[in-house]
*Asks:* 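What follows is a single structure, and I will ask about it in a moment.
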Amino acid sequence: MARVSPFSCKLFIALVAIKLCTITAFNVVDFGAIGDGKTDSTSSFLKAWDAACNSIVPDATMVVPPGIFLVTHITFTGPCQSNNTNLIIFGTIIAPDDYKFIGSDKFWIVFHRVHWLSIFGGTLDAKGSSLWACKSAGNHCPFGARSITFQSCSYVLVSGLKSINSQRLHISINQCSNMTLRKLVIIAPSESPNTDGIHIASSTGITIRNSSIGTGDDCISIGPGSKSLLMDQIACGPGHGISIGSLGRQAMEDGVQDVNVTNSIFTMTQNGVRIKSWPSANEGYARNLLFKNLIMQNVSNPMIIDQDYCPHKNCPQKINSSVKVSQVTFENITGISWTRKAFTLRCSSTSPCDGIQLKDIDLHYVDHWAKPTQSDCENAQVSFTGYVFPYNRCL
């Protein structure tokens, strides 16, 4: 991925400064916020948001200046009066040291029914380490909060945001449409539990580009009801890779379709790209999926379809998945597998995978000179194009 030069950073700041001169800005400090990292600025943020959201000017902008601003659970509600509402963050927004303040609410920062929104820059620090320690010790702990949630929003741009140490999910997108997220940096330690970078559910037209994501769970996870998604130029690692699913856990689930993952790098992740469904009679589907131009660097499972997904081995009844996986293309995927099985296509005997295409695959076990690279294929109709290694006839 391209590195951001100091010149481009200065240019971005200059452009933001020019933009601020031509729009109506609502600075949180003018509403009482104090950026000392100690004073609760939640009510000041809400007042600034209400002023910007209810403004009738074309480009109303809420500004968070340099500083460290303490904020507890907060919901920014729309729709707004302004044609375009902007949030420009120069400083850092932090959660309270005591994880219970936001951990019991399950949500920290929420945008609800906001349309035509642009968010630029800034850092969010949810201070999740104390909650992770509580869970690691086996104590009675709150569920944990998602750092930033977009619920029922549309036409949203998020650019240059950094999120660190989320208690659980960093960014949650639910029942949204037409969103672009770009130049994100998302960081949590590899051992932090359930700290997915971005989770998408029941949403359409979501694009994620040119972002670096390293967490203790999926870099990006895609839930039921998600359609027309693009993930391009993603640097993923550490974490569990980019996952579609898990699917089929609930009855009457909607499916996932038209997902493209392209031009991305996976480094020391548990998985590369993965489709997973529960061994359940609940129907669903995953179709029209493209994984193309991907590099795997010491990835445990570079390519995997797992229709027997049961992570805690406690599924009450052993049955085959009824989720239909079809029209999936893996193309130009190269690199090193940390395990001997470079790819696994474990499909359901009840609802076999079909339309699976492997094109120009070159994956080798890290210790391939001592033990040969392997692959596994069950209940899948597969076609091959170009050089494919390791080769598996999927009989």
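By convention here, the first residue in the shown sequence is residue 1. Scope of the values below: all heavy atoms of this structure, side chains included, with no hydrogens, waters or symmetry mates.
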*Asks:* If the plane angle is over 60° it's perpendicular, under 30° parallel, otherwise tilted; pick one for Tyr309 and Trp278.
*Replies:* perpendicular

*Asks:* Kindly give the heavy-atom pair with the smallest separation between Leu289 and Asp258, and that separation in Å.
*Replies:* CD2-N, 4.4 Å

*Asks:* Taking the two cysteines Cys176 and Cys153, decide whether their SG atoms are closer than 2.5 angstrom.
*Replies:* no

*Asks:* Under 4.5 Å between side-chain heavy atoms, counting indirect links through other Ile/Leu/Val/Met/Phe/Trp/Tyr residues: same cluster for Ile234 and Ile304 or not?
*Replies:* no

*Asks:* Would you find more than 12 non-hydrogen atoms of other residues, nucleotides or ligands less than 6.0 Å from Glu283 atom CD?
*Replies:* no

*Asks:* Would Asp217 and Thr215 satisfy side-chain hydrogen bond (donor to acceptor under 3.5 Å, both in side chains), going step by step from the backbone distance to the final call?
*Replies:* CA-CA 6 Å; Asp217 210 301; Thr215 70; over 6 Å; no

*Asks:* Centres of the Phe107 and His73 rings: under 6.0 Å?
*Replies:* no

*Asks:* Shortest non-hydrogen contact from Ser322 to Asn282?
*Replies:* CB-O, 3.8 Å

*Asks:* Take atom CZ of Arg182 as the centre, draw a 6.0 Å sphere, and report whether it contains more than 12 heavy atoms from other residues, nucleotides or ligands.
*Replies:* no

*Asks:* Closest approach of Pro96 and Thr72, non-hydrogen atoms and distance?
*Replies:* CG-CG2, 3.6 Å

*Asks:* Under 4.0 Å between a side-chain nitrogen and a carboxylate oxygen: does that hold for Asp306 and Lys276?
*Replies:* no

*Asks:* Would you call Arg346-Asp308 a salt bridge at under 4.0 Å N-O?
*Replies:* no

*Asks:* Using a 6.0 Å cut-off, check whether atom CZ of Phe384 has over 12 heavy atoms from anything other than its own residue.
*Replies:* yes

